[in-house]
K.L.:
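Submitted below is the structure of interest, expressed as structure tokens.
Residue numbering restarts at 1 for every chain, and letters A, B, ... go by the order of the sequence lines.
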Amino acid sequence: MQIKIDHLTKKFNDVTAVDDLSITLDSGKLIVLLGPSGCGKTTVLNILSGILPVTSGRVFFDDKDVTDLPPERRNVGLVFQNYALYPHMTVLGNICFPLEIKRIPKKERLEKARELAELVHVTELLQRKPSELSGGQQQRVATARALAKDPQLLLLDEPLSNLDAKLRVEMREEILRIQRAANITTVFVTHDQEEASSIADQVVLMKQGLLQQMDTARRMYDEPVNYFVADFLGAPPINKLHGTMQEGKFQFRDSDVRCEFPLLRAVMNGTDVILAIRPESVIVPAGDIKLRSLVVERYSIGKDELSLLSVEGQQMRAYISGDYPIRIGDALDFSLKNKGVFLFDAKTGERLS
Amino acid sequence: MSVMKRTAASEQPRLTARTFLEPALYLAPFLIGIIIFTLYPFVNVILISLKENYKLLTGEFSTIGFKNYAQVIQDPNFLNGLKNTGLYVLFVVPISTVISLLFANLLNSVKKLQGLFQTAYFLPMVTSVMAIGLVWKWMFNYDYGLINFGLSLLGVAPINWLNNPLYNLTALVIYGVWSMLPFTIILLLAGLQNVNPLYYVTARADGAKAPMIFFRITLPLLAPTIGLTLIINMIYASQVFSELFPLFNGRPGSAYSLYTVVYYLFDAFYVKWKLGYAAASAVILFLIVLTLTGIQLFIQRKWRNY
């Protein structure tokens with residue numbers, strides 16, 4: 001089912017949680033609503049489910065306007081961060097309950113529940129109570145329950161935030177597998193950019209109720225529309241080097257070193273800008289155009305060697321192959337790749353290069 | 001090795017003067033209070049119930065035995081009290097629980113001024129039983145009472161609540177139910193507020209209607225709280241006594257037919273000066289309530305399934 005959100009605005013008293021949001025979510029895809037806490041992503045989810053009314057704007061499921069429909073008439077499956085499994089019912093009872101509400105005969109109910117239990121791999125747990133399940137298992141059961149009534153839309157509100165790091169990686173693959181198997185349009189809310197990047201067909205990045213960018217995670221990482229997007233995606237975060245524009249060139253703060261970047265538009269002399277460099281966009285040994293730096297620190301993070309460099313008095317992190325012989329205190333020349341290097345207006349966050 | 005030893009030792013500290021005395025000192029203020037005001041009277045009541053012809057002032061008694069009990073359980077007033085108390089508990093506790101459940105649910109769904117409503121419902125608890133009883137006495141009045149007025153609007157003939165022995169128990173039960181409400185509502189409300197609201201959101205999104213949500217989700221989750229209120233209210237209701245005073249001018253019903261166990265106890269102690277009877281009736285009531293509570297706890301443990 002395709003979802004169209006048209007000029008959606010949601011206000012809570014004076015606070016605008018969602019500001020004029022217009023997006024279209026494609027059928028059968030896994031779409032991640034991403035953003036820092038308070039960005040309005042959960043509000044959007046609650047509006048899609050019908051729990052919250054809109055202030056203005058319309059919501060369409062396919063061509064049907066559902067804006068004023070209550071939750072029970074939207075056929076959406078919900079999974080919450082703490083799963084909200086009914087503690088007094090068994091796993092089987094939990095999965096069956098949405099079907100029981102629909103007065104589906106017991107035999108069919110059990111059949112369907114077993115089918116779903118198989119899909120989410122909890123068949124051997126059907127007689128257990130939620131309190132006897134691990135976090136990951138509860139997550140699976142909650143997903144099965146949400147899928148029980150064959151919803152046309154599955155809404156997941158930070159479903160992995162209660163799990164430990166290792167399980168989180170495992171469960172996000174599981175959610176992706178289940179979503180693909182059930183072939184259901186899914187909206188997944190998270191504040192974790194890595195989680196978003198790893199499972200999303202499309203990422204919707206929001207900040208303070210405003211849509212920042214909607215794209216695949218890859219493209220969003222490679223071509224951020226503004227400083228916020230560039231900064232929000234990526235771990236370790238993108239490096240920020242401060243400076244000003246002088247005669248079309250970037251000049252480091254408190255320094256006379258300049259470098260040139262292809263600009264998207266003319267920029268006034270003296271504009272404060274940020275040179276943003278992905279840690280993996282550093283080339284050593286340096287080519288013709290190079291920057292001089294000092295190696296401050298080196299860290300080993302798994303397979304990677306991360307170096308802390310000081311460039312014109314400003315620090316940045318860079319991945320430099322462990323094979324390249326540098327030591328703390330060395331001077332290091334490096335060049336920049338074309339990819340993963342951006343200039344942003346420091347004030348507006350607008351992308352300049 | 002030495003670390004292992006130390007952990008093992010710390011798990012079971014040896015009982016020394018210090019490890020005993022220090023905790024004992026902390027516990028003392030509470031323990032002394034309990035011993036003087038709860039444990040000693042409790043044991044003493046049992047002892048007195050076994051002493052025949054016990055005199056409070058001199059401490060004299062003739063023999064030790066169960067004769068007080070034999071007398072008490074043959075006393076028609078006591079048996080009448082037992083029957084009335086039983087009926088009172090049987091009606092008041094379930095009725096007040098059901099009504100409280102309704103009100104607690106309504107209160108819980110009130111969004112605005114919830115604090116104000118909660119306070120209003122709790123007010124009767126901090127008001128004197130006598131003062132409220134007098135108001136009720138007026139409400140039950142045959143000629144001018146609000147209740148008979150209400151009935152007259154429905155076309156029902158006025159009922160002589162307080163002076164016709166047939167209706168005495170009904171009047172007492174109505175008043176009892178009412179006076180039980182605030183405490184029960186507050187307890188149940190606390191239980192309701194502990195229920196994760198997301199259960200309701202999920203159920204509603206799945207299309208569940210209010211009755212289904214109430215019976216399949218709210219009620220099972222509230223079962224432990226309901227069990228607790230049932231036990232507390234049963235214990236409280238089985239001691240029905242002070243409610244009698246304002247309604248019937250200090251008598252056990254208009255024709256002395258509405259004895260309760262505690263009224264019998266009071267009567268035996270203060271009026272008839274039969275300490276042994278009073279103590280024996282107290283012990284019998286205690287045993288009955290203990291048994292009922294035990295049964296209830298047993299059933300509840302079977303219910304409670306998460």
Side-chain angles (χ1 to χ4, degrees), chain A residues 42 45-46 48-52 66 69-91 93-104 127-133 141-143 145-159 162, chain B residues 97-98 100-101 104-105 108-115 187-231 296-306:
Chain A
T42 298
L45 196 81
N46 287 339
L48 285 178
S49 69
I51 297 170
L52 281 178
V66 297
L69 288 187
E72 64 268 23
R73 293 186 51 203
R74 295 194 183 197
N75 197 17
V76 292
L78 297 171
V79 178
F80 295 103
Q81 182 176 341
N82 59 9
Y83 320 126
L85 295 175
Y86 307 123
H88 55 292
M89 300 182 194
T90 59
V91 167
N94 265 284
I95 301 177
C96 282
F97 194 60
L99 303 170
E100 209 182 316
I101 295 170
K102 283 184 148 185
R103 293 167 198 268
I104 286 166
Q127 295 312 319
R128 299 243 196 118
K129 290 278 162 64
S131 57
E132 299 163 332
L133 302 178
V141 175
T143 311
R145 182 179 65 181
L147 289 172
K149 53 174 182 177
D150 286 323
Q152 38 180 349
L153 174 63
L154 182 61
L155 302 174
L156 308 166
D157 189 2
E158 307 234 6
N162 276 7
Chain B
T97 305
V98 169
S100 299
L101 208 50
N105 242 307
N108 196 33
S109 44
V110 168
K111 294 281 170 286
K112 282 176 189 164
L113 301 175
Q114 201 185 44
L187 265 187
L188 292 176
L189 191 60
L192 278 176
Q193 284 170 346
N194 272 334
V195 176
N196 183 347
L198 286 183
Y199 297 144
Y200 303 133
V201 173
T202 315
R204 218 169 291 135
D206 288 341
K209 298 276 180 295
M212 184 152 190
I213 292 176
F214 180 77
F215 286 108
R216 292 299 309 277
I217 296 173
T218 311
L219 212 52
L221 289 177
L222 209 57
T225 316
I226 294 174
L228 178 74
T229 56
L230 284 179
I231 287 179
Q296 215 169 332
L297 276 175
F298 178 75
I299 295 171
Q300 215 182 309
R301 208 157 291 155
K302 287 207 147 180
W303 263 1
R304 204 191 157 138
N305 44 10
Y306 61 89

K.L.:
May I ask you to decide if A:R74's main-chain N or O and A:Q152's side chain share a donor-acceptor pair within less than 3.5 Å?
P.N.:
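Yes: the side chain of A:Q152 pairs with the backbone of A:R74.
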K.L.:
Can A:R145 be said to sit on top of A:Y86's aromatic six-ring, NZ or CZ under 6.0 Å from centre and within 45° of the ring axis?
P.N.:
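Pair A:R145/A:Y86 counts as cation-pi.
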K.L.:
Which bit of A:E132 is near chain B, if near means a heavy-atom gap under 4.5 Å: side chain, backbone, both or neither?
P.N.:
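The answer is neither part of A:E132.
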K.L.:
For each of A:T90, A:I51, A:L85, A:V79, tally heavy-atom pairs with chain B at distances under 4.5 Å, and name the one with the top tally.
P.N.:
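Ranked by contacts with chain B, first place is A:L85.
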K.L.:
Under 3.5 Å, is there a donor-acceptor pair between the side chain of B:N196 and the main chain of B:L198?
P.N.:
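Present.
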K.L.:
Using non-hydrogen atoms and a 4.5 Å limit, figure out which bit of A:L99 sits close to chain B: side chain, backbone, both or neither.
P.N.:
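Answer is neither: A:L99 stays 4.5 Å or more from chain B.
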K.L.:
Would you say A:N75's side chain and A:D150's backbone share a donor-acceptor pair under 3.5 angstrom?
P.N.:
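Pair found, side chain donor or acceptor close to backbone of A:D150.
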K.L.:
Where does A:N82 contact chain B at under 4.5 Å (heavy atoms): side chain, backbone, both or neither?
P.N.:
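The answer is the side chain of A:N82.
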K.L.:
A:K149 side chain to A:V76 main-chain N or O, any donor-acceptor pair under 3.5 Å?
P.N.:
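Present.
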K.L.:
Do you know which of A:S49, A:P70, A:P98 has the most heavy-atom pairs under 4.5 Å to chain B?
P.N.:
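Answer, by heavy-atom pair count under 4.5 Å with chain B: A:P98.
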